> 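The structure under discussion is supplied below as structure tokens; questions concerning it will follow.
First the proteins, then the strands, lettered A, B, ... as listed; each starts at 1. On a predicted model such as this, the values are computed, not experimentally measured, just so you know.
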Amino acid sequence: MTTRTSSAQRLSIPSEIGVLGAVIALFIFFSLASPFFFNPSNLTNLGRQTVLLAVTAFAMTFIILSGEIDLSVGSVVSLISIFVAMALRDSGSIALAVLIGVGSGVLIGTINGVITVIGRVPSFITTLGMFSAARGIALAITNAVAIPILNDDYLFLFQDARPLGIAVSVIYAVVLFAVLHFLLTRTRFGISVYAVGGNAKAARLSGIGVRRVKIEVFALAGAIIGFAAILQIARLGSASPEVARNLELDAIAAVVLGGTSFTGGRGSLIRTVFGVLLIGILNNGMNLMNIDSYFQFIIKGAIIVLAVLLDRWTRGRSG
Amino acid sequence: MTAGALSTPARGRWLSPRFIGQFGVIFAVLLLLMAFALVREDFLQIFFAPNNLANIGRQTTLLAITGFAMTLIILAGEIDISLGAIASMCGVIIALVIVNTGSWLLAIPAGIAVGALLGAINGLITVRGGIPSFIVTLGTLNVVQGAALALTNASTITLPANPTVNEFRSLFARGVVTLPFGIQVPNPVILVAILLIALTFILTRTRFGANVYAVGGGAASARLAGIAVGRVKLLVFTLGGALAAVAAVVYTARLGNGQPLGMIGYELDAIAAVVIGGTSFTGGRGSLWRTVLGALLIGVLNNALTLMNVNFNLQLVVRGAVIVLAVMLDAWTRRRLQ
Amino acid sequence: MNRKISRRQVIRYMAAAAGGMMLSPLARLPHVRAQESMAATAADVALTAEEIEMIRGMGLKLGFETNHRTDDFINLLIKGGEDTAAEYGIELIVSEANFDAAKQLADMEALIQQEVDGIFLVAVDSDSISSAIIQANEAGIPVIIIGGAPTRGEVLSVMNSTSYDGCYESTRYLIDAVGGAGKIGVVSIPLALPTIRDRELGTLAAIRESRMQLVGLQPVFAQDAALAAAENMIQANPDITAIFANWSLAINGALAAVDASGMDIKVSGYDAEVAGFQRFEDQANGNAAPILLSLAGQQPLVQGKAGIDALCKAALGQEVAPDILVPTLLVTQDNYREQWDALYPGIAAPWSA
């Protein structure tokens, strides 16, 4: 385990260049290697394909920064998808559906947070329980049958619209990023998230309500995940109890690839964006190059390990 | 990670509130069994039938052995989420060696060697690279899974039913040992018992075992005490990989084949078994018999729910709730102690 | 015979079987089955020698996207497609979704991006694939789908195995062999695909026509879970005489459970993969107990070829039937060697080594 660093270190920008460099290198590589990669319609695809991972990874960034982990993300996305689809089907109201999506996200996040903080259960275990339970509930209430989204207004609002020629889901992700980045870097809450994750004892001594901050982080992450579910069903045109398996592992990989410390307290949302782009470009590019699916697993796994190793070395093991 | 109880394994605490906390979980399961008995009158008769107890034993074996691997790794303060992928890979290797050479005596060491090697790679990257083991094994999980699929072209490697294979399957899965009073114990349960005794001996009676607890209790202080932290962790990962291969031996014998994704998912169940048993998730405190208890709890739950024909989906919900409740109860009793 | 099964009957069956404890996965199913009248067969879409020559000159590029690549069925489906494409001089792009609907959508977008002339698709689930189908429609790319029609968007045709009939037939074979009465359990898979529901309904219809009592239906994802489910079914019902498993790995699990129990229980299933044929061979040699009775074998090689053929027909501007049905073949102890040759022509049988 590494020892925790001071908050000054997280502001140092140069160390982010390593990941950004990898993203750019990969982008150039695929542009040269595949004639289909660098063109407007594929870049739109790339954006849409990456939104779900980006939004969940934002939620995961907050959780990891506060020194916790959430393994239930994929199952919860699938469960909330079903809540939203049912609300939309039965009421026809988009506002109600969105409210239910974000609201149930906050509720589930708060349950995770309260069990972790008040029940003193490691979040790995709490969310491992939720991982199993949420998937089971999703399967049970749908009898393993997907619910189609037939509301055209909803599909337009969250998927089909293209203001300024940009896919609307990408715009949501960018706006969400801006809001969350502000929250994390410019507010008292944001600073306390870093403090709690960096050193909970010191944070407590400096008068921060560690337990409250952690529960708030889980609730916020839940809301973000609820929003991810709202975008996800618009993209797929249906809510399925089987969707988003392993999403949590991809989100964790994106956060850590970006260089955010797995043990909390150090990192940023910008870094997460880089990590998300790395995985998104890799997935898209490997598909366009028709790389055998078995080797896609192998390459992705190897890159996760290598990128983190590289990041560790460029920082000269200062962490 | 500044736990008070450092390097000494839990011993002589049979009457402590902590044990009562454990007992609470068992009590909850007993309550559930009684509730089932009210719904279906012949339930207890079926549940406690010797055959069913043998079934529970067989069904819990894989989880218990993977759980042993995970216990060692968690005790040392690390985690390995690639254990399911490693076990699947070893199962494929074992099946391939049996199919191609006809010798299971050759297949078992081959499988264990591969498991130990993959575990050692995880350990090496974690220790040398200074990367959290969760991330390392998240990467290798993908690599090993892809390699197993590529190796088999995604096919199940089926064992032919010849006398040698039948001997292998009987020895590691179907066979029973008859104890005094005519009690029949399935062979895999005997295997779990042997592993439990041997590994407990290593953990509690050897220098290496003490080092595992010390490293997991606090790597910095262990280093100060002159323990080669890196080497201990490397050994633990290697041993964990080898144990995953032992689980793969039982899997191959039980199912009669090797499947490239067969044991994916066991890593999470194994973590659940370890923490339900009461081993500290942050390392340094816990023991192997607790993991057996945790695995049994999950096994009994699965068995009873299926006997009652409760749908698989609801079983997932119950399992999730039990994991969290068990650990909450454990945390609560621990706090009452202090 | 009347194969229509009412919702109420299904609910009553499941409720009776479960003693009210179990949430039936079938209770709320829509009972839409693949349209069987007017359906074409694989032979109907086969190309003539002249058509093959024309295709050779066209330099076609086709996509072949599957929901996963982890079993013999998918591997052989891909092989059927690849062999045919090689014969016709077609570039074939193969990808798979690892059971993830979002990954499948991305795969489809990659194929559309590469401007393929047609896509043969095995969907993860038939709802979630809709947006991909609509995108293909917009790009003017014809799609042939296996497993069920998408909720929205237009496909060139829907290809199916006769899942309902196959399961019905194989279950009937099992029921007749155990005397038409007694207890039976079913092991299934929790996938959101109409074809899986058809399998369950086919089996339930056969059970309903007999005097068998259904003691449980457990959907599971893995073969060791199937093994445990079957073991527990046997334990809860010591007088059980039959188990039906409706997918390949569940058959392995059910067989292992019955083998270990040493009881006189028979097993039948849907899917006839290498392991099933190996089992029949072992039973013929006396190396394994005669437990496995019948398998309804899908024809993946035929389906893979028919998919490419139909896409070629479309490329040549010809009509393609909206439904292509490929029948399952019943594999039993008496005919397994002939059926191997019928299902897997040109592939070495397990007993040929």
Side-chain angles (χ1 to χ4, degrees), chain A residues 34-37 39 41-46 48-53 74 77-78 81 85 135 139-150 155 159-160 232-247 250 280 283-294 296-297, chain C residues 23-30 63 65-70 78 91-115 123-135 139 150-153 188-194 196-197 219 221:
Chain A
S34 166
F36 308 104
F37 182 79
N39 69 44
S41 64
N42 186 55
L43 294 183
T44 302
N45 281 349
L46 177 60
R48 283 183 173 159
Q49 288 162 9
T50 313
V51 163
L52 175 69
L53 178 60
V77 162
S78 124
S81 297
R135 184 72 67 184
L139 282 164
I141 58 181
T142 58
N143 289 325
V145 176
I147 303 171
I149 306 295
L150 302 169
L155 293 174
Q159 171 70 10
D160 296 336
Q232 161 86 354
I233 59 177
R235 176 160 156 78
L236 287 178
S238 84
S240 161
E242 289 297 344
V243 87
R245 282 190 186 274
N246 295 331
L247 180 62
D250 273 354
N283 283 340
N284 178 277
M286 288 198 299
N287 261 353
L288 289 178
M289 290 186 65
N290 305 315
I291 291 176
D292 190 297
S293 62
Y294 311 147
Q296 291 201 13
F297 282 120
Chain C
L23 268 191
S24 159
L26 296 172
R28 287 195 285 152
L29 284 181
E65 159 74 12
T66 62
N67 52 351
H68 66 105
R69 190 168 185 179
T70 57
I78 293 172
E91 182 190 345
L92 194 70
I93 301 171
V94 179
S95 52
E96 62 103 0
N98 192 23
F99 286 120
D100 178 350
K103 164 96 164 70
Q104 183 152 63
L105 182 48
D107 288 352
M108 290 288 284
E109 285 168 346
L111 290 174
I112 295 166
Q113 198 61 42
Q114 294 176 78
E115 293 162 354
V124 170
D125 81 68
S126 31
D127 284 307
S128 303
I129 199 60
S130 298
S131 358
I133 302 291
I134 290 169
Q135 285 186 44
T151 319
R152 293 172 302 127
S188 181
I189 184 168
L191 277 182
L193 282 174
I196 302 292
R197 299 292 93 83
F221 259 124

> Answer whether the closest heavy-atom distance between the side chains of Asn39(A) and Gln113(C) falls below 4.5 Å.
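Yes. Closest side-chain heavy atoms under 4.5 Å.
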> Taking every non-hydrogen pair under 4.5 Å, which of Ala244(A), Pro35(A), Pro148(A) racks up the most with chain C?
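The candidate making the most pairs under 4.5 Å is Pro148(A).
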> Heavy-atom distances under 4.5 Å only: say whether Gln232(A) touches chain C with side chain, backbone, both or neither.
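Contact with chain C involves the side chain of Gln232(A) alone.
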> Among Val243(A), Asn42(A), Ile147(A), Leu150(A), who wins on heavy-atom pairs under 4.5 Å with chain C?
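Of Val243(A), Asn42(A), Ile147(A), Leu150(A), Asn42(A) has the most heavy-atom pairs under 4.5 Å with chain C.
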> Sequence neighbours left out, what passes side-chain contact (heavy atoms from CB on, under 4.5 Å) with Ala110(C)? Give chain and number order.
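Result, side-chain contact (heavy atoms from CB on, under 4.5 Å) vs Ala110(C): Asn287(A), Leu288(A), Gln114(C).
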> Between Tyr294(A) and chain C, with a heavy-atom cut-off of 4.5 Å, which part of the residue counts as in contact: side chain, backbone, both or neither?
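Side chain only.
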> Would you indicate whether the side-chain heavy atoms of Arg245(A) and Asp100(C) approach each other to under 4.5 Å?
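In short, these two side chains do not touch, never coming nearer than 4.5 Å.
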> With sequence neighbours left out, what residues match Phe99(C) under ring-ring contact (aromatic ring centres under 6.0 Å, His included)?
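For Phe99(C) the ring-ring contact (aromatic ring centres under 6.0 Å, His included) partners, ignoring immediate neighbours, are His68(C).
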> Using a 4.5 Å cut-off on heavy atoms from C-beta on, say whether the side chain of Gln296(A) contacts that of Lys103(C).
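Yes; the side chains approach each other to less than 4.5 Å.
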> In Å, rounded to the nearest 0.5 Å, how long is the span from OG of Ser293(A) to CD of Glu96(C)?
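The CD atom of Glu96(C) is 3.5 Å from OG of Ser293(A), to the nearest 0.5 Å.
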> Look only at the side chain of Ser131(C) and the backbone of Arg235(A), and say whether a donor-acceptor pair between them is shorter than 3.5 Å.
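Pair found, side chain donor or acceptor close to backbone of Arg235(A).
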> Side chains of Leu155(A) and Arg152(C), heavy atoms from C-beta outward: is any pair under 4.5 Å?
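Yes, close enough: below the 4.5 Å cut-off.
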> Counting heavy-atom pairs under 4.5 Å to chain C, which of Ser34(A), Ala234(A), Ser41(A) comes out on top?
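Ranked by heavy-atom pairs under 4.5 Å with chain C, first place is Ser41(A).
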> In Å and rounded to the nearest 0.5 Å, what is the CZ to CD1 distance from Phe36(A) to Ile112(C)?
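Between Phe36(A) CZ and Ile112(C) CD1, I get 13.0 Å after rounding to 0.5 Å.
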> To the nearest 0.5 Å, what is the distance between CG on Asn98(C) and CG on Asn246(A)?
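CG of Asn246(A) is found 7.0 Å from CG of Asn98(C).
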> With no hydrogens and no angle check, do the side chains of Ser128(C) and Ser238(A) hold a donor and an acceptor under 3.5 Å apart?
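Per modelled atom types, Ser128(C) and Ser238(A) side chains form a pair under 3.5 Å.
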